[in-house]
Structure formats: C-alpha cells, structure tokens
Engineer: 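If you scroll down you'll find the structure; I have some questions about it.
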Amino acid sequence: MRLCFLIRIISTEARARVRKLTIHLNKWGLGSSSKSRKLQVLPYGRCSVRPLYLGISHEEERLVTSDKHNVWYFFSSALRKWGNSKSLHKFRDVHFLITIHGLEKHEVLERLLLQIYGKVGKPVDALAIFTQMHDSDPISWNLVIGSTAKHGEYTFSLQLFEQMLLECFLPDKFVLASVLSACCEFSGGKLIHARVIASGLECETVLATALVNMYGKSDSLANALQTFKSIDRHDVVSWNAMISIHAQHGENFESVLLFETMLNEGEMPNEVTYASVLSACANEASTFKGSLIYTQILAVGLKLNVFMATSLINMYGNCGATEHARQIFDSVQKKDVIIWNAMIKVYAQNSEGNEALEVFELMKSLGVKPSTTTFVAILEAFMSKGALLEGQNMHAFIKKSGYESDIVVGTSLLNMYGKFGVLGEVFTLFDKLIDRNIVSWNTLLNACAQRECGSEALQTFEQMLCEGVIPDIATFYSLVPVCALHASLMECKRMHSLIVNSEHDSEEKLGAGIINMYGRRGRLEDAHGVFSTLSRSSISPWTALIAAHDQSSQYIGAIKLFHQMLVEGFLPDKISITSIITAFSNQSTLIEGIHVHAC
C-alpha cells in the first residue's frame with residue numbers, strides 16, 4: 001500500500017529515470033555507452049568501476065576482488081567519496097553500478113543512497129530510493145521527510161508524514177520539525193502543533209523554534225511570541241527565529257528590541273542574528289542603531305559576511321548615506337551578485353544613476369553575471385536619471401543576454417519606456433512577454449494613463465479581461481482617472497461595479513477617485529452614494545466631494561461640506577481650499593472667503 005502511494009507522488013522525471021534504469025538492467029547491454037568506458041570485467045561480477053575513476057585505493061580493490069561479499073564496502077567508499085553536489089554525475093554512475101550488481105537492496109548502501117541524495121538537494125531521487133525499500137524504519141522516514149521539506153518539496157513532505165502515521169510509525173522531534181517547516185498553511189501547522197503537545201515534546205527547543213518559524217511564516221506573530229515564551233531556555237537559534245520573523249513582517253522596532261533583550265539575557269549573537277537585526281535597521285532606516293550594531297560586530301571580531309554587508313548597504317542607502325554604503329561594499333572581498341545588486345539599487349534609489357552604471361560596468365568586467373534584480377535596479381537608475389538613450393543601450397544588452405522576455409525584467413522595461421512616454425516600444429515589448437501577469441498589465445495600463453491615452457487604456461483593459469486576468473487595486477488606481485476623463489457614463493458605472501465586486505470599494509483613495517469620476521459627469525447623487533460608504537478617516541473623500549460640487553456649480557453644497565469637514569477635525573488641503581474659494585467667489589461671501597484665506 002505504501003509503495004503504491006509513494007510511487008503516485010514521485011515526479012514524472014524520477015519515474016522516467018527508474019524505467020530507463022530497468023531497461024538497462026534487463027538488457028545488460030552496456031555497448032558503447034558512456035558508462036561502459038568506466039567499467040571493467042572483474043572475477044566477482046559482470047563489471048566494476050575503475051579504481052582511478054572513483055578514487056578507491058588498489059588495496060580496497062584487491063579486497064573486493066578477493067571476496068565478492070565485500071563488494072558493498074567498495075561501493076560504500078565510492079558513494080562517500082563522491083557524495084557531494086560537485087561530483088553528482090560520478091555519484092549517479094556509482095549508483096548505476098550498485099544496481100547492476102544487484103546491491104540496491106543492501107541495507108547499508110540503500111540507507112547511504114537515501115541520505116546522500118537528500119543531502120545534495122535531490123529529494124525526488126531520495127524519494128525514488130525510499131519507494132523501493134522493503135522495510136522502512138523511523139530513520140529512513142526521517143531522512144526522506146527531512147530532505148523533501150528542506151529542499152522545497154513541501155507537498156511530498158506532508159503526504160509522507162500522513163503515510164508514516166498510517167503505518168503506525170511514531171514521529172520523533174526531528175520529523176515533526178521537518179514537517180513544521182513544510183507547513184505553509186496556518187491550519188495545517190496548528191494540527192502539527194497539537195500532535196507535538198500530544199507527544200509531550202512541546203518543551204523541546206528544536207520543536208519550539210520550528211513552531212515559532214511556522215507561525216511567523218503563517219503571519220501569526222502573536223502565536224509565535226506565545227510559543228517563544230513557552231521555551232524554558234532560549235538558545236541563539238530561537239532568538240534568531242523571533243528577530244528574523246519580526247523583521248520580515250515589518251516589525252522592525254520590535255526586532256531591534258528583541259535583539260537588545262537577547263544581549264541583556266547573556267546570549268551571544270551569531271552571523272544570522274546580526275544579518276536579521278541589521279535588516280530591521282535597514283527597513284527602519286535607523287543608521288544610529290545600525291552603526292552601533294556594526295561597531296559591536298567589529299568589537300567581537302566577527303567578519304562581515306555577505307548578508308550582514310548587504311543589510312548595512314541597504315540601511316545606509318535608505319538613509320541617503322551612499323558614501324557609507326560604498327565603504328561597506330568596498331570592504332567585502334568576495335562579492336556575490338546579491339551584494340552587487342544592493343549597491344546598484346542604493347545608487348538608483350538615491351538618483352545617482354552615473355554611480356549605479358559605474359558599479360554595473362565594474363561588475364561585468366569582473367565576470368559577475370547580472371541577474372533579473374540587477375537589470376531591474378539599473379533600469380530604475382536610468383529612470384531616476386532621465387537617461388532614455390542609456391536605457392535603450394541597456395535594453396540592447398538585456399536582449400542580447402536573453403532577459404528581454406523575462407517577466408520581471410520585461411515589466412521593468414515597460415515601466416521605463418512608459419515613464420519616458422515611448423508608448424510604441426511599450427506595446428511592442430508587452431507583446432513579447434511570455435507569461436504576462438497582473439503586474440505587467442498594470443504597468444501597461446499605467447503607461448497609457450500617464451500619457452492620457454484613454455482609449456488605448458480602456459481597450460487594453462478589455463483585452464486583459466478577455467484573457468482571464470483578474471484586476472487588482474493597482475489596476476483600478478490607473479483606470480479610474482482615465483474613466484473620469486475619457487469614458488462614457490455607462491463605462492464609468494461599469495468600472496464602479498467591477499470595483500465593488502472586487503471588494504476594493506472601501507479603500508478611501510480609490511473611493512475619492514470614483515467620487516471625482518462621477519463629479520466630472522455631474523452625477524452628484526452617485527458621488528454622495530460613494531461618499532457615504534467610505535469611513536472618511538482621511539481628507540481625500542472630502543476634497544473629492546467638495547470639488548465635485550464645485551464642478552457642478554453647486555456652490556452652497558460645497559460650502560456646507562467644507563464646514564462639515566472642519567467640524568469633523570480635518571484641515572483643508574490645497575485642492576479643497578481652491579474649490580471652496582471658487583465657491584465663495586461665486587456666492588459673493590467675502591467674509592467667509594477671508595476666513596478661508598486665513599487658513
């Protein structure tokens with residue numbers, strides 16, 4: 001039953017590999033294949049691996065050839081020798097030969113294959129080994145569940161866990177920790193948490209930390225904090241989990257506060273701790289805190305790793321201190337593409353396009369291959385610089401690099417050409433995108449809206465709906481102003497209906513746009529209807545409705561709304577003041593106008 005269940009969840013690729021291997025075994029005809037060049041006939045069997053190829057000593061070869069029962073030792077040495085990601089092709093060759101010798105069911109070799117495939121990031125291969133095991137035990141379940149969870153095969157991991165329970169194997173703390181890391185859904189995580197409590201393992205630091213991470217991933221910081229407090233003795237891993245998840249959820253002040261509490265309780269931070277808290281400082285743009293932490297890192301003799309350096313660069317960049325960011329960047333000897341991208345992005349967001357381009361050219365000269373993030377950052381630099389020609393040159397390089405049809409880079413190109421008003425190129429690029437998503441559609445719509453190409457924007461929106469793409473709030477932000485200027489009343493009402501059906505009608509800024517849309521059509525009743533549905537916690541709806549009355553020459557209504565707005569504690573902005581002055585001038589209420597002027 002288990003074998004049938006597991007074979008069902010193995011990927012097509014793994015099953016194809018097993019079928020191919022079975023054909024080889026049935027035929028025994030290695031012929032002129034690449035495998036045959038690494039084989040030689042030995043007395044104890046049909047074939048073996050050349051000692052020089054595997055790095056096995058001649059003494060070990062002699063032991064194998066003299067006693068065929070020791071052949072498993074020969075292969076176990078070979079598996080350990082090549083059991084790393086850099087020599088995976090050789091490891092697979094050894095696995096092939098093990099199968100040819102009929103030793104794939106040997107207890108030691110079987111466990112070793114399962115373990116190493118999981119370790120080198122090949123969970124599907126590990127799963128294929130597991131499906132062929134006649135007698136699984138808790139260790140093999142632990143290995144296969146751990147490898148699938150660690151390498152992102154979360155569905156497999158959860159299905160395996162369910163099957164393990166059906167076969168009456170009791171999970172230990174390591175299996176439960178692996179399964180918790182696979183729980184992306186909050187409800188699933190709660191069920192595993194209940195099993196942890198039922199097993200009496202809730203006090204285990206490993207499991208408690210896994211629970212903290214799971215709740216953090218499920219956007220439940222309250223449960224994460226409650227679980228964290230239940231740990232008897234916090235270690236650096238549990239502290240790191242709490243600091244990290246608060247930073248990831250934008251709770252940057254709390255993240256720094258947790259770091260300080262950790263220090264007060266005498267726990268020494270490690271590289272992961274510093275990377276997380278520096279990330280929080282970067283998000284908060286807190287150079288003071290970040291600089292103190294950097295000083296502490298230097299004081300304890302830690303060397304800046306790429307993650308810590310990237311967080312510092314982002315922190316200084318968010319505060320506009322690009323010189324300090326460059327100093328950190330230059331101090332890192334071994335730079336990966338992530339830190340290069342961070343430096344380019346810092347220059348781009350601070351409108352220092354020339355410096356961004358300089359770093360990009362240096363990056364290329366050192367042989368570092370740009371990523372999608374690199375191209376997005378450098379295109380942002382050209383937009384801030386207003387350099388269309390340089391942007392076009394970069395477009396040519398992107399095309400040559402094969403990234404033009406990439407959805408992320410392609411959308412950034414759309415954005416750049418849209419900002420420069422080159423709509424012909426925007427539409428050409430959009431047609432080249434392979435997997436268009438809502439972001440790319442919104443970018444195209446926004447480009448049309450910015451250039452007041454109303455008919456093109458509305459036609460694009462219709463095409464988007466025909467292709468089954470569901471609009472989001474950004475779509476409506478672009479289209480409502482277009483409808484206000486270019487659409488008929490029927491089209492405006494249809495747009496309003498779509499917004500209501502998508503449940504975005506309570507958003508005040510968007511609601512103000514709808515009020516403005518109806519105001520331009522002289523539909524004050526509809527504008528009031530929208531106004532009444534909003535919570536009116538900001539001035540935007542008030543301003544829009546006052547302007548709508550002004551446009552319809554309903555000056556008395558505008559003045560009444562202005563007074564009501566003041567009574568409710570909102571200070572007028574430039575738009576509302578302009579509208580109300582127009583209303584007063586048309587009503588000849590000089591004293592009221594003087595009062596507004598005093599505002």
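Numbers here are sequence positions counted from 1.
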Engineer: With the side chain counted from C-beta on, respond yes when His395 and Leu429 share a heavy-atom pair under 4.5 Å apart, and no when they do not.
Structural biologist: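 They are in contact (side-chain heavy atoms under 4.5 Å apart), so the answer is yes.
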
Engineer: Looking at every non-hydrogen atom in both residues, tell me the closest pair between Thr411 and Ser440 and how far apart they are.
Structural biologist: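 Where Thr411 meets Ser440 most closely, the heavy atoms are OG1-CB, 3.5 Å.
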
Engineer: Testing the 3.5 Å rule here: is there a donor-acceptor pair between the side chains of Asp235 and Ser238?
Structural biologist: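 Ser238 and Asp235 do have a side-chain donor-acceptor pair below 3.5 Å.
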
Engineer: Is it true that the side chains of Asn415 and Ser412 contain a donor and an acceptor less than 3.5 Å apart?
Structural biologist: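 Asn415 vs Ser412: no donor-acceptor pair found between side chains.
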
Engineer: Under 6.0 Å from the CD atom of Gln333, do we count more than 12 heavy atoms belonging to anything else shown?
Structural biologist: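 No - once you tally the heavy atoms of other residues, nucleotides and ligands closer than 6.0 Å, there are 12 at most.
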
Engineer: Does a side-chain heavy-atom distance below 4.5 Å link Thr374 with Ile378?
Structural biologist: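 With C-beta onward as the side chain, the pair stays apart.
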
Engineer: Measuring from atom CD of Glu254 to atom CD1 of Ile245, what distance do you get when rounded to the nearest 0.5 angstrom?
Structural biologist: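 Going from CD on Glu254 over to CD1 on Ile245, the span is 11.5 Å.
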
Engineer: Taking the side chain as every heavy atom from C-beta outward, state whether Asn442 and Val439 have any pair of such atoms under 4.5 Å apart.
Structural biologist: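 SC-SC contact between Asn442 and Val439 ruled out.
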
Engineer: Compare every heavy atom of Ser291 with every heavy atom of Met315, then report the nearest pair and how far apart it is.
Structural biologist: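 Of all heavy-atom pairs spanning Met315 and Ser291, the closest is CE-N, 4.2 Å.
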
Engineer: Going from CE on Met416 to CD on Gln392, what distance comes out if it is rounded to the nearest 0.5 angstrom?
Structural biologist: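 Result: 7.0 Å between the selected atoms.
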
Engineer: Applying side-chain contact (heavy atoms from CB on, under 4.5 Å) between Glu267 and each of Thr261, Val236, Asn240, report the one that passes.
Structural biologist: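 Exactly one candidate clears the test, Val236.
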
Engineer: Any sub-3.5 Å donor-acceptor pair from Ser255's side-chain atoms to Asn252's backbone N or O?
Structural biologist: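 The answer is no, because no donor-acceptor pair under 3.5 Å joins these two groups.
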
Engineer: Judged by atom type as modelled, is there a donor-acceptor pair below 3.5 Å linking the side chain of Asn318 to the main-chain atoms of Asn314?
Structural biologist: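 Pair found, side chain donor or acceptor close to backbone of Asn314.
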
Engineer: Indicate the atoms forming the closest heavy-atom contact of Thr310 with Val306, along with that distance.
Structural biologist: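 Thr310 and Val306 have their closest heavy atoms at OG1-O, 2.6 Å.
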
Engineer: According to side-chain hydrogen bond (donor to acceptor under 3.5 Å, both in side chains), who are the partners of Gln296, at least two apart in sequence or on a separate chain?
Structural biologist: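 With sequence neighbours excluded, Gln296 shows a side-chain hydrogen bond (donor to acceptor under 3.5 Å, both in side chains) to Tyr274, given in chain and number order.
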
Engineer: Not counting sequence neighbours, list each pair that qualifies as a ring pair (Phe, Tyr, Trp, His ring centres under 6.0 Å) and has a residue in residues 331-359.
Structural biologist: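 Checked against ring pair (Phe, Tyr, Trp, His ring centres under 6.0 Å) - neighbours excluded - the pairs reaching residues 331-359 are Phe329-Trp340.
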
Engineer: Would you please say whether a donor-acceptor pair under 3.5 Å links the side chains of Thr273 and Asn270?
Structural biologist: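 Result is yes, a qualifying pair exists.
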
Engineer: Determine the minimum heavy-atom distance between Ala247 and Ser276, stating which atoms define it.
Structural biologist: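 Closest pair (atom of Ala247, atom of Ser276, distance): CB-O, 4.0 Å.
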
Engineer: Quick one: does any side-chain atom of Glu390 pair with a main-chain N or O of Phe382 as donor and acceptor, under 3.5 Å?
Structural biologist: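 Pair absent, no side-chain N/O of Glu390 close to backbone of Phe382.
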
Engineer: Step by step, work out the ring pair (Phe, Tyr, Trp, His ring centres under 6.0 Å) result for Phe259 and Trp239.
Structural biologist: CA-CA 8 Å; Phe259 173 74; Trp239 279 110; 9.6 Å; no

Engineer: Keeping the roles fixed (side chain from Asp336, backbone from Ile339), state whether a donor-acceptor pair exists under 3.5 Å.
Structural biologist: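 Indeed, once roles are kept as given, a pair shorter than 3.5 Å links the two residues.
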
Engineer: Just checking Glu260: does its CD atom have more than 12 heavy atoms from other residues, nucleotides or ligands closer to it than 6.0 angstrom?
Structural biologist: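 Above 12, so yes.
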
Engineer: Quick check on side-chain contact (heavy atoms from CB on, under 4.5 Å): which of Val426, Asp406, Ile398, Val376 does Leu413 satisfy it with?
Structural biologist: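 Passing option: Ile398.
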
Engineer: Inspect the surroundings of NZ in Lys399 and state if more than 12 heavy atoms from other residues, nucleotides or ligands are less than 6.0 Å away.
Structural biologist: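 At most 12 heavy atoms, drawn from other residues, nucleotides or ligands, come within 6.0 Å of this atom.
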
Engineer: With a 4.5 Å cut-off on side-chain heavy atoms, are Asn341 and Met363 touching?
Structural biologist: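 Yes, their side chains come closer than 4.5 Å.
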
Engineer: List in chain and number order the residues that pass ring-ring contact (aromatic ring centres under 6.0 Å, His included) with Phe420, two or more places apart in sequence or in another chain; answer none if no residue qualifies.
Structural biologist: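 Per chain and number, Phe420 pairs via ring-ring contact (aromatic ring centres under 6.0 Å, His included) with no residue.
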
Engineer: Looking at Val409, is its backbone amide N or carbonyl O close enough to the side chain of Thr372 to form a donor-acceptor pair, meaning the two atoms are under 3.5 Å apart?
Structural biologist: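 No; zero donor-acceptor contacts below 3.5 Å.
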
Engineer: Check this for me: Leu298, atom CG, are more than 12 non-hydrogen atoms of other residues, nucleotides or ligands nearer than 6.0 Å?
Structural biologist: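 Enclosed.
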
Engineer: Within the side chain of His246, is there an N or O that forms a donor-acceptor pair under 3.5 Å with the backbone of Met242?
Structural biologist: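 Judged by distance alone, yes, a pair lies under 3.5 Å.
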
Engineer: So does Asp435 have more than 12 non-hydrogen atoms from other groups sitting under 6.0 Å from CG?
Structural biologist: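 Incorrect, the count does not exceed 12.
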
Engineer: Ignoring hydrogens and angles, state whether a donor on the side chain of Thr475 or Asp472 is under 3.5 Å from an acceptor on the partner side chain.
Structural biologist: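 A donor-acceptor contact under 3.5 Å links the two side chains.
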
Engineer: Nearest 0.5 Å, what's the CG-CZ distance between Leu445 and Phe430?
Structural biologist: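 CZ of Phe430 is found 8.0 Å from CG of Leu445.
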
Engineer: Under a 4.5 Å cut-off applied to non-hydrogen side-chain atoms, are Met308 and Ile297 in contact?
Structural biologist: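 Yes. Closest side-chain heavy atoms under 4.5 Å.
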
Engineer: Can you tell me how far apart OG (Ser401) and NZ (Lys364) are? Round to the nearest 0.5 Å.
Structural biologist: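 These two atoms lie 8.0 Å from each other.
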
Engineer: Side-chain contact test, heavy atoms from C-beta onward, threshold under 4.5 Å: evaluate it for Ile434 versus Ile407 and give yes or no.
Structural biologist: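 Answer no - side chains too far apart.
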
Engineer: Between atom NZ of Lys385 and atom CD of Glu352, what is the distance when rounded to the nearest 0.5 Å?
Structural biologist: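 Output value for this atom pair is 11.5 Å.
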
Engineer: What is the minimum heavy-atom distance between Val337 and Ser371, and which atoms define it?
Structural biologist: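 Minimum heavy-atom contact is CG2-OG, 3.9 Å.
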
Engineer: Hey, are the side chains of Phe375 and Phe360 touching, using non-hydrogen atoms and a 4.5 Å cut-off?
Structural biologist: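 Phe375 vs Phe360: side chains touch.
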
Engineer: Which value, rounded to the nearest 0.5 Å, describes the distance between Trp441 atom CH2 and Asn446 atom CG?
Structural biologist: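 The CG atom of Asn446 is 15.0 Å from CH2 of Trp441, to the nearest 0.5 Å.
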
Engineer: What heavy-atom pair brings Ile313 and Ala325 nearest, and what distance separates the two atoms?
Structural biologist: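 Shortest heavy-atom contact: CG1-O, 3.6 Å.
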
Engineer: Any non-hydrogen side-chain atom of Glu355 less than 4.5 Å from a side-chain atom of Asn350?
Structural biologist: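 They are not in side-chain contact.
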
Engineer: Do the side chains of Glu323 and Arg326 get close enough for a salt bridge, i.e. N-O under 4.0 angstrom?
Structural biologist: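 Not counted as a salt bridge, because no side-chain N and carboxylate O are separated by less than 4.0 Å.
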
Engineer: So for atom CZ, which belongs to Phe397, do other residues, nucleotides or ligands contribute more than 12 heavy atoms lying within a distance under 6.0 Å?
Structural biologist: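 Yes, because the 6.0 Å sphere around CZ of Phe397 holds more than 12 heavy atoms from other groups.
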
